[in-house]
Amino acid sequence: MAKVKTSFFCQNCGTQFTKWQGQCSACKEWNTIVEEIIQKEEKKSWKSPDMSSKRTSKPLKINEIDGSQEMRITSGDNEFNRVLGGGIVPGSVTLLGGEPGIGKSTLLLQIALQLPVKTLYVSGEESQKQIKMRAERIHPNSENCYILTETKTQNIFKQAENINPDILVIDSIQTLHSDYIESSAGSISQIRECTSELIKFAKESGTPVILIGHITKDGNIAGPKILEHMVDTVLQFEGDRNHVYRILRALKNRFGSTAELGIYEMQGSGLREVSNPSEILISNHDQDLSGTAIAATLEGMRPLMIEIQALVSTAVYGTPQRSTTGYNVKRLNMLLAVLEKRAGFKLGAKDVFLNITGGITVDDPAIDLAVIAAILSSNEDIPIEKDICFAAEIGLAGEIRPVQRVDQRIMEAEKLGFATIFVSKHNKISVKNPQIQLKLVSRIEDVVRELFG
Ligand code: TYD
Ligand code: MG
């Protein structure tokens with residue numbers, strides 16, 4: 001009897017071991033190593049002639065290679081197209097990761113329903129009826145979308161051959177199972193095998209494949225960092241489940257920039273593209289309220305106006321509280337220290353709460369000045385005019401530093417009807433004749449004088 005071949009895999013990072021051990025020596029996690037049965041087909045030698053697949057490849061001079069852009073399939077979803085770098089590339093494999101319940105299935109089903117080409121949506125998680133119910137909420141009719149509930153890769157390929165889809169969607173890679181491997185679905189060796197089968201399918205048939213991948217509690221795509229290396233594009237769908245906004249970003253993209261970002265709003269009838277994100281991130285209140293300031297930031301290549309809210313109050317307990325939502329608390333402490341030292345504000349005896357509206361997280365240093373303005377406004381209880389915005393970084397010496405791509409920020413602020421923008425005096429600005437008033441400042445004191453007299 002043939003001996004059953006097994007190997008040991010860390011379920012956290014995917015490292016393979018020859019024997020069991022308590023701690024993974026690669027990622028240092030405990031109790032993550034599991035024995036999996038790997039019963040592969042005979043591996044063919046790389047020399048064997050039938051190893052060469054349909055396309056044989058020989059070296060070409062780089063300028064002999066056909067460099068014409070491959071036709072991309074554009075979906076009806078502009079945000080999705082932009083994040084991918086202009087559409088879905090034929091033969092590409094895309095992995096979409098995200099926490100459970102964030103809306104991955106909704107997003108891909110919605111895209112599948114809107115696509116002008118034939119799509120096969122394979123689900124191992126929901127029944128055809130459940131998917132139909134969801135589809136009815138999103139987009140009632142589509143001629144081109146086929147739904148298959150299946151988890152065995154060999155069967156999926158068989159169906160794909162019959163239907164011959166232009167795009168294949170897999171929900172999710174963790175539910176798939178390949179006959180060539182014995183271990184259970186969701187294990188490292190299964191995920192690896194199924195993904196490589198799907199990649200082979202994509203490359204040989206030219207059909208783009210989009211995979212959904214679950215992420216673990218610490219935010220990695222479950223099982224496999226290895227998965228991220230294998231696929232062409234890794235997208236992440238994120239957001240706060242309690243907020244309606246969702247952000248789609250590319251973590252890796254072989255066919256485009258990773259700086260692009262898509263914003264969606266989760267509604268009763270699926271996800272709505274948000275084409276002007278600044279509008280949703282700035283709350284509309286009629287009276288002027290103290291403690292809010294607007295920052296011109298960049299998310300990826302896109303300028304974005306966000307509202308910063310601060311609340312400064314007298315500390316009740318000995319140690320003042322510092323609490324932030326969507327902003328780094330260490331950065332807040334640093335800015336408070338700068339304010340204390342350079343502008344003479346006694347913030348040591350005050351609680352400071354900071355909130356970025358819309359449930360998004362920002363780490364662009366260009367919002368520093370708006371953070372400081374919001375804190376000072378709350379501290380003084382003097383509102384900042386609603387048509388003022390800020391784009392500058394604060395240095396440890398209290399100096400106001402230039403930020404990158406300031407022109408783009410100025411133009412966005414102008415487009416949205418802001419009257420004044422505060423930027424660093426040292427920023428090189430090349431916008432010609434801006435309608436918006438530029439306040440060039442170099443020290444915090446200048447800003448205080450301008451805002452609060
Ligand atoms: P889902 O796509 O199932 O998440 P994932 O596949 O990432 O686990 O999304 C589930 C959530 O989306 C669910 O909590 C309900 C919400 N939702 C809406 O608010 N509106 C809708 O039209 C749909 C289809 C879902
Ligand atoms: Mg799902």
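In this chain, residues are counted from 1 in sequence order. Read the numbers this way: they start at 1 and go in the same order the structure lists the ligands and their atoms. In what follows, every heavy atom counts, from backbone to side chain, and hydrogens, waters and symmetry copies are set aside. Only a predicted model underlies this, so the values are computations on that prediction, with no experimental measurement involved.
In terms of polar-atom proximity, defined here as any N/O pair under 3.5 Å, Met266 makes no such contact with ligand 1.
At a heavy-atom distance under 4.0 Å, atoms from both the backbone and the side chain of Lys104 approach ligand 1. Contact annotation: for Pro100 versus ligand 1, heavy atoms closer than 4.0 Å belong to the backbone alone.
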Stepwise, does the salt bridge (charged side-chain N to carboxylate O under 4.0 Å, His left out) test hold for Arg405 with Asp364? CA-CA 12 Å; Arg405 298 218 299 274; Asp364 180 4; over 6 Å; no
Does Asn144 form a side-chain hydrogen bond (donor to acceptor under 3.5 Å, both in side chains) with Thr119? I'd like the steps, not just the answer. CA-CA 6 Å; Asn144 296 320; Thr119 316; over 6 Å; no
Take Thr6 and Glu35, measure what side-chain hydrogen bond (donor to acceptor under 3.5 Å, both in side chains) needs, and give me the verdict at the end. CA-CA 7 Å; Thr6 64; Glu35 183 173 19; 2.9 Å; yes
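Counting the atoms of ligand 1 from 1 in the order shown, those under 4.0 Å from a heavy atom of Gln267 are 18 (C), 19 (O), 20 (N), 21 (C), 22 (O).
Put simply, Thr106 stays out of reach of the Mg ion (ligand 2), with no N, O or S atom under 2.8 Å from it.
Neither side chain, Asn81 nor Thr74, offers a donor N or O lying under 3.5 Å from an acceptor on the other. In summary, the side chains of Glu197 and Ser178 do present a donor paired with an acceptor at a separation below 3.5 Å, with no hydrogens or angles considered.
Under the 4.0 angstrom criterion for non-hydrogen atoms, Ser269 is in contact with ligand 1. Taking 4.0 Å as the cut-off, Glu99 counts as a neighbour of ligand 1 on heavy-atom distance.
Nearest heavy atoms, Asn78 versus Glu273: N-OE1, 3.3 Å.
In the candidate list Ile138, Leu271, Leu107, Thr106, Thr106 is nearest to atom 2 (O) of ligand 1, counting heavy atoms.
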